[in-house]
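To keep things clear, I will list the structure first and then write my remarks on it.
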There are 2 protein chains.
Amino acid sequence: MVGASYPGGMNTPDDDWLRLDQQICFSLHAASRAFNGVYRGILKDLGLTYPQYLVMLVLWEHDELPVKKLGEHLRLDSGTLSPLLKRLEAAGLVRRERSARDERSVEVRLTEEGVALRGRALQVPRRIASSTGFGPEEIRALRARLDDLTTALDAAALADPPGGSPADERP
Amino acid sequence: MVGASYPGGMNTPDDDWLRLDQQICFSLHAASRAFNGVYRGILKDLGLTYPQYLVMLVLWEHDELPVKKLGEHLRLDSGTLSPLLKRLEAAGLVRRERSARDERSVEVRLTEEGVALRGRALQVPRRIASSTGFGPEEIRALRARLDDLTTALDAAALADPPGGSPADERP
DNA sequence: CACAATTGAGTTGTGTGCAATTGAATGGTG
DNA sequence: CACCATTCAATTGCACACAACTCAATTGTG
C-alpha cells in the first residue's frame, strides 16, 4: 500500500537511495550503540560511563585543562560537560576550580584518585580491541574512514546549518 | 606528569593500545554525532528527530507491525520506543492499538499523514549522501565494515555480559 | 574610562538509550 | 482446571547530547 514498490525492473532512484541510506544510518547507529554497550560492561568495574571514560582519557594525557579545551577535544559543549564533570567531581576523580587569570574559565584537574585510576584503565583498550575481533590495521583503516566521514559531515553541517546559513552571520 | 610518555623508542604496549583505543572510540563517537547533526538539520523540515526517522523508515517498508518487531529491526527496547512512539502518535503520524490476537502486543500502523510524509522524505537520502562526500561504493564498503564490527561487538557483549555470565542463566 | 560585543560556564527543556521493575496476558505443565 | 514461568509493553531512574538561554568576566572601541 505504501511501498508501491517499483512494478518492473526499473529502479526508482529515490527508492534506491532511500534503501542505501537506511543501511548506512542503521549501521552507524547500531555500531555506535554496540560499542557503547561493550564499553559499559567493561567500564562498570571502574565506575565510569563511556563518555566519562573519554573525558578521563583526555585528562590522563593533559591532566589539567579548562572546560573549553576539553570540549574541543571531545566535541562536546558545556551543556553536556558541566553535569558530567560534576559527577566526576562527586566521584572524587577530578577537581574544578576557576582560573585565576580568567575568572570565566574553569580548570579541570585530576585528583590523586583520578591519576591512580589510569592504572586500572590500562587493561581496558586490550579488552575492547579483542571484542572487536579486528586487528590493529583494520582498526586504523576504519578509524581513518570514520574521520573522513566526520570531516565531510561537519563541513556539510556548516554549509547547510541547523540554525541558519553562513550569510546570516551579519544581520 | 601523568603521561610520562615513553622516554626512548620503546613502546609500552598498554600505552600503545590506549592511544589506539582512544582514536577508534573517539572516531566512532564523533562520526555518530556528526551524522546525527546532519540528519537533525535535514529532518527539521519534516518535524522528525533522527531516531524517529529511523522508525518511520521501517514503517514505510512494513507499514504495520508490533512494537516488538520494530524493536528488533532497530535494536531498541520498549523503554526507548514507547515514549518515542507516543510522540509520533501525538504528531499524528502513527496509530497504536492493542492486537486482537494477543492483548500483550501493540500494533503500530501509519496514518494517512504518516504515509504522506514518505513523499517529502524521499529527498532526504540524497542530501545525506551528498553530505558525506562518499560515493555509493564507499558507503557500501563502510557499511559492511560497521556491520562486521557490530556483529563482533554483540557477540563479545554476550560472552562478557554487563549483567552476568551465560552460566548464570540457570540459577 | 565607559560601553557594547564577545566569551565561557552553567542551567533548562526536550529527546533519546538502557537497566530494572511493574503489570497484564499467554502458554505450558501437572 | 490451576499454577507458574514467560512474554510484551509501559514506566521509572539515570546519564548523555544539544539547542536556547542566563549571567558574569573579558575584550575591543571610541
Side-chain angles (χ1 to χ4, degrees), chain A residues 29-30 32-41 43-44 47-55 65-72 74-91 96-108 157 161-164 169-171, chain B residues 29-30 32-41 43-44 47-55 65-72 74-91 96-108 157 161-164 169-171:
Chain A
H29 204 59
S32 175
R33 287 185 294 120
F35 231 120
N36 204 314
V38 170
Y39 270 106
R40 194 196 327 279
L43 292 175
K44 206 177 41 175
L48 294 175
T49 67
Y50 179 53
Q52 287 167 8
Y53 172 71
L54 296 182
V55 168
L65 73 177
V67 174
K68 184 69 192 307
K69 291 288 182 192
L70 201 50
E72 286 170 4
L74 297 168
R75 305 165 138 277
L76 293 173
D77 66 4
S78 67
T80 300
L81 286 176
S82 288
L84 190 157
L85 290 170
K86 250 198 248 185
R87 281 186 281 271
L88 286 182
E89 188 172 42
R96 292 181 302 155
E97 31 194 59
R98 300 214 89 96
S99 165
R101 293 186 224 307
D102 189 339
E103 292 274 346
R104 292 171 303 180
S105 181
V106 168
E107 301 285 333
V108 182
E169 282 180 36
R170 297 256 158 244
Chain B
H29 205 59
S32 176
R33 287 186 294 121
F35 231 119
N36 204 313
V38 170
Y39 270 106
R40 194 195 329 276
L43 292 176
K44 206 177 41 175
L48 293 176
T49 67
Y50 179 53
Q52 287 166 8
Y53 172 71
L54 296 182
V55 168
L65 75 177
V67 174
K68 183 70 191 306
K69 291 289 182 192
L70 201 50
E72 286 169 6
L74 296 168
R75 305 165 140 279
L76 293 172
D77 66 3
S78 67
T80 299
L81 286 176
S82 287
L84 190 157
L85 290 170
K86 252 197 247 185
R87 282 185 280 270
L88 287 182
E89 187 171 44
R96 293 179 303 154
E97 32 194 58
R98 301 213 88 97
S99 165
R101 288 186 227 308
D102 188 339
E103 292 275 344
R104 294 170 302 179
S105 180
V106 168
E107 301 285 334
V108 182
E169 281 180 38
R170 297 256 158 244

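Only heavy atoms go into these numbers, but all of them, side chains included; no hydrogens, no water, no symmetry mates. Every chain is numbered from 1 and lettered A, B, ... according to where its sequence line falls, protein lines coming before strand lines.
To the nearest angstrom, P of D/dC16 lies 10 Å from CG of A/Leu54. The separation between A/Arg87 atom CZ and C/dG10 atom P is 13 Å, rounded to whole Å. Distance A/Leu76 CG to D/dA19 C1': 14 Å, rounded to the nearest Å. As a whole-Å value, the separation of A/Arg33 CZ from D/dA17 P is 13 Å. When rounded to the nearest whole Å, the span between CD of B/Gln52 and P of C/dG17 equals 10 Å. Rounding to whole angstrom units, CZ of residue B/Arg75 and P of C/dC18 are separated by 10 Å. Rounded to whole angstrom, the span from the NZ atom of A/Lys44 across to the C1' atom of C/dC18 amounts to 13 Å. When rounded to the nearest whole Å, the span between CZ of B/Phe35 and P of D/dA17 equals 18 Å.
Between A/Asn36 and A/Ala100, it is A/Asn36 whose nearest contact on DNA chain D lies nearer the 5' terminus. In terms of position on DNA chain D, the residue among A/Glu103 and A/Asp77 whose nearest nucleotide sits closer to the 5' end is A/Asp77.
Taking all atoms of both residues into account, the shortest heavy-atom contact from B/Ser78 to B/Pro83 is O-CD, 4.0 Å.
Contacts of B/Arg104 classified as salt bridge (charged side-chain N to carboxylate O under 4.0 Å, His left out), with partners at least two apart in sequence or in another chain: B/Asp102. Residues satisfying the side-chain contact (heavy atoms from CB on, under 4.5 Å) test with A/Glu72, not counting sequence neighbours, are A/Lys68, A/Lys69. The ring pair (Phe, Tyr, Trp, His ring centres under 6.0 Å) check on B/Phe35 picks up B/Tyr39, with sequence neighbours excluded. Applying the side-chain hydrogen bond (donor to acceptor under 3.5 Å, both in side chains) rule to B/Arg98 yields no partners; only residues at least two apart in sequence or on another chain are considered. Looking at residues two or more places apart in sequence or on another chain, you find a side-chain hydrogen bond (donor to acceptor under 3.5 Å, both in side chains) between B/Arg96 and B/Glu89.
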Check your understanding: How does protein reach along nucleotides 7-13 of chain D, written 5' to 3' as B (base within reach of a heavy atom under 4.0 Å), S (only sugar-phosphate), or - (no contact)?
Key -> BSBBB--
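Contact annotation: the side chain of B/Leu81 approaches that of B/Val55 to within less than 4.5 Å [non-hydrogen atoms, C-beta and beyond].
Closest to the side chain of A/His29, out of D/dT26, C/dG17, D/dA17, is C/dG17.
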